[in-house]
Amino acid sequence: MPTAFLTIVEVLNSVAYFLIFSHHSFMDITTQISPRGQITLPADTRKRLGLKPGDTLLIHLEGGRIILDPAVVLPVEIYDEERIAAFAEASAMTQEELMQAKARWDA
């Protein structure tokens with residue numbers, strides 16, 4: 001009985017060892033920094049992460065490590081005077097609407 005127990009433990013240890021080291025060897029990728037400071041992410045890595053040319057990445061520095069995270073970039077509209085006037089006109093309230101809003105506020 002102790003022999004069977006040791007065999008199971010040995011098998012579990014072997015599986016754990018395989019998972020740990022195969023995970024690291026699977027995830028560790030070597031690349032070089034170009035003279036311009038650029039790095040290339042291998043095609044397989046980009047494909048697995050769904051990264052496409054032009055995508056934006058955030059750079060985090062943690063304890064001497066560089067961590068890259070995909071970023072969401074949203075377009076920003078800069079309003080000119082005409083656009084601001086259109087907002088003001090669309091949000092304008094009649095005197096009656098103002099009185100109703102004030103009544104609800106005071107209630």
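Along the sequence shown, residues are numbered consecutively beginning with 1.
- Asp106 contributes no side-chain N or O that, together with a main-chain N or O of Ala103, makes up a donor-acceptor pair within less than 3.5 Å.
- A donor-acceptor pair under 3.5 Å links the side-chain atoms of Arg46 to the main chain of Leu41, judged by distance alone.
- Closest approach of Pro42 and Ile29 over heavy atoms only: CG-CG2, 3.4 Å.
- Arg83 pairs by the salt bridge (Lys or Arg N to Asp or Glu O under 4.0 Å) definition with Glu77, not counting sequence neighbours.
- Nearest heavy atom pair, residue Glu97 against residue Ala92, reads OE1-O, 4.1 Å.
- Heavy atoms of other residues, nucleotides or ligands lying less than 6.0 angstrom from CD1 of Ile84 number more than 12.
- Although no hydrogens or angles enter the test, the distance criterion places no donor-acceptor pair under 3.5 Å between the side chain of Thr56 and the main chain of Ala71.
- To the nearest 0.5 Å, atom CE of residue Met93 and atom CG of residue Leu98 are 5.0 Å apart.
- Remark: Leu58 CG is packed, more than 12 non-hydrogen atoms of other residues, nucleotides or ligands lying under 6.0 Å away.
- In terms of hydrophobic clustering, with Ile, Leu, Val, Met, Phe, Trp and Tyr side chains grouped at heavy-atom distances under 4.5 Å, Leu61 and Ile39 are assigned to a common cluster.
- Cluster note: Met99 groups with no other residue, as no ILVMFWY side-chain heavy atom lies under 4.5 Å from it.
- Note that the CG atom of Asp69 and the CD1 atom of Ile59 stand 10.5 Å from one another [nearest 0.5 Å].
- Applying the side chain to side chain contact (heavy atoms under 4.5 Å, CB included) criterion to Gln38, with sequence neighbours excluded, gives Ser34, Arg36.
- Under the side chain to side chain contact (heavy atoms under 4.5 Å, CB included) criterion, Leu49 pairs with Thr45, Leu51, sequence neighbours left out.
- In the hydrophobic clustering, where aliphatic and aromatic side chains (Ile, Leu, Val, Met, Phe, Trp, Tyr) are joined below 4.5 Å either directly or transitively, Leu74 groups with Val72.
- Pairs passing the ring pair (Phe, Tyr, Trp, His ring centres under 6.0 Å) check and including a residue from residues 51-81, sequence neighbours excluded, read Tyr79-Phe87.
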